[in-house]
Amino acid sequence: QVQLVESGGGLVQPGGSLRLSCAASGSIFGIRTMGWYRQAPGKQRELVAAITSGSSTNYADSVKGRFTISRDNRKNTVYLQMNSLKPEATAVYYCNVVYRSPYAWGQGTQVTVSS
């Protein structure tokens, strides 16, 4: 029932910032935990940030203190603010539910951190 569309990626220099958006076609109010995932070249997809319906958050150690996930249930949108970006953050970023069986994966949004 829920379709997810990621946007906001791009090319950024090390130390720069990007804000990713994940727009859902349906309500996410009833989804307890949403998350941002990423997949870098040659690596498996990994969960980097998660947020509950009550706005409790959790982060992978690799992004702790630099990434911030947020959620606007009224707009059915999840955000990922990425600051102090490092080259190793280069990946395709996706959003989806956490713990529950995922919805269909969107196309993701490419983030490239390079000089």
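Only heavy atoms go into these numbers, but all of them, side chains included; no hydrogens, no water, no symmetry mates.
- Shortest non-hydrogen contact noted between Thr33 and Ala50 is CG2-CB, 4.0 Å.
- When all heavy atoms of Met82 and Leu85 are compared, the closest pair comes out as CB-CD2, 3.7 Å.
- Other residues, nucleotides and ligands place more than 12 heavy atoms under 6.0 Å from the CZ atom of Arg66.
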N/O donor to acceptor pairs below 3.5 angstrom from side-chain atoms of residues 3-22, sequence neighbours left out:
unit_1, atom_1, unit_2, atom_2, d
Glu6, OE1, Gly108, N, 3.0
Glu6, OE2, Cys95, N, 3.0
Ser17, OG, Asn83, OD1, 2.9

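- Connectivity analysis of hydrophobic side chains (ILVMFWY, heavy atoms under 4.5 Å, direct or indirect) links Tyr99 to Tyr37, Leu47, Val92, Tyr94, Val98, Trp105.
- Shortest non-hydrogen contact noted between Asn76 and Ser27 is OD1-CA, 3.2 Å.
- Val48 and Tyr79 are members of different hydrophobic clusters when ILVMFWY side chains are connected at heavy-atom separations under 4.5 Å.
- Residues Arg71 and Ser53 are in side-chain contact: their nearest non-hydrogen atoms beyond the backbone lie under 4.5 Å apart.
- From Trp36, atom CH2 reaches atom OH of Tyr59 across 12.5 Å, with rounding to the nearest 0.5 Å.
- Interatomic distance, CZ of Arg32 versus OG1 of Thr52, reported as 5.5 Å (0.5 Å rounding).
- Around CD of Glu46, the count of heavy atoms belonging to other residues, nucleotides or ligands within 6.0 Å exceeds 12.
- The heavy-atom pair separating Gln44 from Gln39 by the smallest distance is C-CG, 4.2 Å.
- Side chain of Thr90 to main chain of Val113: a donor-acceptor pair is present (N/O by atom type, distance under 3.5 Å, no hydrogens or angles).
- Separating the OG1 atom in Thr109 from the CG atom in Leu80 is a distance of 11.0 Å, to the nearest 0.5 Å.
- Distance alone, capped at 3.5 Å, is enough to place a donor-acceptor pair between the Thr77 side chain and the Lys75 backbone.
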